[in-house]
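Structure record follows, encoded as structure tokens.
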Protein chains: 2
Amino acid sequence: MAGKTAKLRKRPLTLRDVSEASGVSEMTVSRVLRNRGDVSEATRSKVLKAAKALGYVPNKIAGALASQRVNLVAVIIPSLSNMVFPEVLSGISEVLDETPLQPVVGVTNYSPEREEKVLYEMLSWRPSGVIIAGLEHSDPSRAMLRAAGIPVVEIMDVDGEPIDAVVGISHRAAGYEMATEIVQQGYRRIGFLGTKMPLDHRARKRFEGFTEALAKAGLEVVDQEFYSGGSALLKGREMTEAILKRHPDLDFLYYSNDMIGAGGLLFLLEQGVDIPGRIGLAGFNGVELLEGLPRQLATMDACRAEIGRAAAEIIARRIADETAEPGEKIVFKSRMSPGDTLLRSDSSS
Amino acid sequence: MAGKTAKLRKRPLTLRDVSEASGVSEMTVSRVLRNRGDVSEATRSKVLKAAKALGYVPNKIAGALASQRVNLVAVIIPSLSNMVFPEVLSGISEVLDETPLQPVVGVTNYSPEREEKVLYEMLSWRPSGVIIAGLEHSDPSRAMLRAAGIPVVEIMDVDGEPIDAVVGISHRAAGYEMATEIVQQGYRRIGFLGTKMPLDHRARKRFEGFTEALAKAGLEVVDQEFYSGGSALLKGREMTEAILKRHPDLDFLYYSNDMIGAGGLLFLLEQGVDIPGRIGLAGFNGVELLEGLPRQLATMDACRAEIGRAAAEIIARRIADETAEPGEKIVFKSRMSPGDTLLRSDSSS
DNA sequence: AGGGCGTGCGTTACCGCTAACATCACTGGT
DNA sequence: ACCAGTGATGTTAGCGGTAACGCACGCCCT
């Protein structure tokens with residue numbers, strides 16, 4: 001190669017550089033690089049060679065502006081440290097990888113103000129679609145989403161009024177179902193342990209469904225315990241100890257997530273407590289971690305990957321086909337997995 | 001408000017719409033929206049009102065193209081499911097939140113090909129800087145990074161030749177140090193359990209440092225066990241059982257990450273094995289989860305958040321000040337935390 | 001020979017915004 | 001009264017691509 005690659009170039013490479021290097025017009029280079037339109041095999045390879053030699057990387061900013069197309073999908077989630085969301089993300093990526101679309105992630109830390117800001121930032125890049133966790137958004141956020149004129153899929157939760165499409169499970173139903181099973185197994189003195197996050201609407205809805213089912217059986221939650229921050233596993237231990245100290249007669253503990261449930265389980269096993277004979281346990285989420293525990297915690301699957309995949313499919317379809325119907329709604333069924341901490345041998349199932 | 005908001009607008013909003021709605025030039029609107037240049041308080045509020053009424057969201061694509069400035073920092077990591085990376089990310093966000101910069105995450109799944117593709121995609125958005133995990137990249141990737149003419153910070157690992165700046169710990173040293181301590185505690189028949197990932201260079205380097213220190217003491221790893229996929233906690237159990245079945249006389253197990261270490265720990269505790277009397281254990285990473293275990297697993301902290309913060313600071317500094325020196329190198333010291341599974345009471349410390 | 005058509009490439013006019021400079025009305029000093 | 005200085009706004013010319021159309025040229029058919 002004629003050493004044309006001046007190491008200390010000041011001006012960044014553009015199509016023009018490639019076009020000059022290969023002796024064709026910018027338009028032709030553009031066509032080659034995008035595999036669009038007819039270009040003869042001869043010019044095609046000539047251009048590709050030049051582009052590679054220069055180390056040219058197309059400028060999507062200019063491309064997007066000119067073509068009015070941006071192959072980005074904004075994905076807005078509350079957190080990355082709760083493993084639920086990375087799992088949803090991988091479901092999304094899995095589907096989008098088959099398309100020209102690309103996910104871009106924004107994290108809100110469960111804060112509506114931050115959600116609004118993140119959303120504004122993302123929309124200012126004019127993505128082709130939005131996937132956003134939850135149905136609860138500030139009014140400006142909802143307005144932005146509506147005004148954006150792009151497909152919006154709200155995920156994780158279906159208990160509420162969607163803006164456009166929605167994919168998720170009913171957390172209310174999940175809580176209800178779990179409570180029903182708990183009652184049926186004969187538990188009567190039930191404690192709840194959860195996170196001190198008024199903005200985790202899904203946890204709240206599970207709790208609401210839970211208490212509703214209890215109420216139907218004439219029961220209510222005997223005591224509650226909340227935490228925030230720190231190692232969930234450790235908090236699960238501590239809260240379990242605390243709640244049982246206050247109410248040693250509790251016969252069931254419902255945890256708002258598997259991590260604290262696992263902490264409670266480990267704690268009780270160490271204490272030599274008979275599970276589920278003396279006390280039953282259940283969590284929520286179906287995290288992979290549970291498989292490695294000494295005892296399988298009862299839980300309900302949140303259908304994370306499925307939700308991600310379905311949401312991405314809706315987005316992909318809507319973008320590929322402008323005429324596709326908006327407002328689709330997909331409800332997954334949260335599967336109960338009773339594990340070893342819920343079913344009492346003598347009970348019917 | 002005079003109902004000017006036509007719900008079914010086809011053409012998306014632009015500066016021009018705002019400028020017409022507020023009776024000033026586009027330039028003035030632009031100035032207001034960016035808080036730049038002198039604008040009288042009167043026009044400022046007039047413009048802001050119009051923008052809000054219309055629900056205008058600036059188009060960063062056009063803005064970036066015109067100003068030749070993109071306030072994005074590409075962050076390229078192997079995975080989101082290994083909690084290490086979300087923690088690094090939050091360190092990065094923490095720092096970038098104080099600046100106009102914004103992180104954009106790309107995930108490679110430990111695949112060099114995918115890394116190359118992700119990098120190409122990200123660079124085509126012309127980010128202002130790149131933070132990328134690891135020092136091992138394909139030649140084209142390295143070339144792209146060099147040619148991009150932007151600050152690059154390689155993170156997590158410092159054992160190798162950086163492209164530009166680097167922030168991390170020495171995994172080789174971490175492995176070495178752990179082995180040294182193990183030997184000093186009198187363990188002699190040592191097994192290694194890790195992940196079957198030839199492309200996890202950091203795990204490899206820890207292992208190399210580990211065996212090197214053992215060799216210096218005239219020892220070598222007695223047996224090894226590898227896994228891939230699945231629940232790490234469960235795999236830790238299974239591998240521990242398997243390796244001990246083959247070599248019941250092992251007196252120490254070194255796990256390449258805390259998750260499988262925790263699985264092993266739980267397994268051995270269930271078996272009633274005396275830890276660390278009969279057998280010692282150690283992992284790597286200092287994950288928060290460990291705090292909730294019945295026994296504290298010996299581990300070494302990978303300084304995740306610190307690395308994220310330091311990398312972001314370098315990027316921010318380099319972008320703010322063009323003249324800042326490239327090639328900075330920050331080495332954190334991986335702290336050993338012996339927990340309850342390494343130190344034998346009768347040993348010196 | 002002329003018309004119709006497909007192929008391969010170039011030209012032109014933007015996309016929506018901003019840098020840089022131009023303009024214009026004041027203000028104040030002398 | 002004149003000019004420089006300043007503050008508030010407008011004008012022009014791109015940024016680096018792409019859509020849409022234009023235009024040779026060769027080919028086939030009649």
Side-chain angles (χ1 to χ4, degrees), chain A residues 9-48 50-51 54-71 100 121 123-128 148-149, chain B residues 9-48 50-51 54-71 100 121 123-128 148-149:
Chain A
R9 125 180 42 263
K10 197 67 251 148
R11 206 174 39 70
L13 288 170
T14 72
L15 265 194
R16 153 151 274 114
D17 296 294
V18 183
S19 99
E20 279 168 4
S22 52
V24 298
S25 73
E26 299 176 38
M27 196 59 231
T28 302
V29 176
S30 169
R31 279 195 268 252
V32 170
L33 266 26
R34 287 177 300 146
N35 286 317
R36 212 170 300 268
D38 323 283
V39 184
S40 72
E41 198 41 56
T43 31
R44 150 175 250 82
S45 61
K46 194 168 53 177
V47 167
L48 286 176
L54 292 172
Y56 175 71
V57 177
N59 186 331
K60 289 214 177 173
I61 298 192
L65 183 60
S67 67
Q68 303 282 66
R69 272 185 282 96
V70 183
N71 288 327
E121 288 287 319
L123 289 181
S124 74
W125 288 101
R126 299 291 187 268
S128 298
Chain B
R9 122 178 47 263
K10 198 67 253 149
R11 206 174 38 71
L13 288 171
T14 73
L15 264 193
R16 152 155 274 112
D17 296 293
V18 182
S19 100
E20 281 168 2
S22 52
V24 298
S25 73
E26 298 177 39
M27 196 59 231
T28 302
V29 176
S30 168
R31 279 195 270 251
V32 170
L33 265 27
R34 286 177 301 145
N35 286 317
R36 213 169 298 269
D38 322 283
V39 183
S40 72
E41 198 40 56
T43 31
R44 151 175 249 84
S45 60
K46 194 168 55 179
V47 167
L48 286 176
L54 293 172
Y56 174 71
V57 177
N59 185 330
K60 288 214 177 173
I61 298 190
L65 182 60
S67 67
Q68 302 282 67
R69 272 184 283 97
V70 183
N71 287 326
E121 288 287 319
L123 289 181
S124 75
W125 288 101
R126 300 289 187 270
S128 299

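Proteins get letters first, then strands, A, B, ... in listed order; numbering begins at 1 in each.
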(request) Would you please confirm or rule out a distance under 4.0 Å between OP1 or OP2 of C:dT7 and any side-chain N or O of A:Ser40? (result) no
(request) Nearest 0.5 Å please: distance from the CD atom of A:Glu26 over to the CG atom of A:Leu33. (result) 12.0 Å
(message) Any side-chain N or O of B:Ser25 below 4.0 angstrom from OP1/OP2 of D:dT11?
(response) no
If you restrict it to nitrogen or oxygen atoms, what contacts under 3.5 Å exist between nucleotides 15-20 of chain C and the protein, and what is each distance?
{"unit_1": "C:dC15", "atom_1": "O3'", "unit_2": "A:Gln68", "atom_2": "NE2", "d": "3.0"}
{"unit_1": "C:dC15", "atom_1": "O2", "unit_2": "A:Leu65", "atom_2": "O", "d": "3.4"}
{"unit_1": "C:dC15", "atom_1": "O2", "unit_2": "A:Ala66", "atom_2": "N", "d": "3.1"}
{"unit_1": "C:dG16", "atom_1": "OP1", "unit_2": "A:Gln68", "atom_2": "NE2", "d": "3.1"}
{"unit_1": "C:dG16", "atom_1": "N2", "unit_2": "B:Ala62", "atom_2": "O", "d": "3.3"}
{"unit_1": "C:dC17", "atom_1": "OP1", "unit_2": "B:Tyr56", "atom_2": "OH", "d": "2.1"}
{"unit_1": "C:dC17", "atom_1": "OP1", "unit_2": "B:Asn59", "atom_2": "N", "d": "3.3"}
{"unit_1": "C:dC17", "atom_1": "OP2", "unit_2": "B:Leu15", "atom_2": "N", "d": "2.4"}
{"unit_1": "C:dT18", "atom_1": "OP1", "unit_2": "B:Arg34", "atom_2": "NE", "d": "3.3"}
{"unit_1": "C:dT18", "atom_1": "OP2", "unit_2": "B:Ser30", "atom_2": "OG", "d": "2.2"}
{"unit_1": "C:dA19", "atom_1": "OP1", "unit_2": "B:Arg69", "atom_2": "NH2", "d": "2.6"}
{"unit_1": "C:dA19", "atom_1": "OP2", "unit_2": "B:Arg34", "atom_2": "NH1", "d": "3.0"}

(request) Drop me the distance from B:Ser19's OG to B:Met27's CE, to the nearest 0.5 angstrom. (result) 12.0 Å
(request) Check whether any side-chain heavy atom of B:Val32 sits under 4.5 Å from a side-chain heavy atom of B:Thr43, and report yes or no. (result) no
(message) Rounded to whole Å, how long is the line connecting atom CD of B:Glu41 with atom C1' of D:dT9?
(response) 16 Å
(request) Report yes if the side chains of A:Arg126 and B:Val57 come closer than 4.5 Å at any heavy-atom pair, otherwise no. (result) yes
(request) Nearest 0.5 Å please: distance from the CG atom of B:Leu48 over to the OH atom of B:Tyr56. (result) 12.5 Å
(request) Nearest whole angstrom, please: distance from the C1' of D:dG10 to the CG of B:Asp38. (result) 14 Å
(request) Sort out for me which residue in A:Asp38, A:Thr28, A:Asn35 forms a side chain to side chain donor-acceptor pair (under 3.5 Å) with A:Arg44. (result) A:Asn35
(message) Below the 4.0 Å mark, does C:dC9 have OP1 or OP2 next to a side-chain nitrogen or oxygen of A:Thr43?
(response) yes
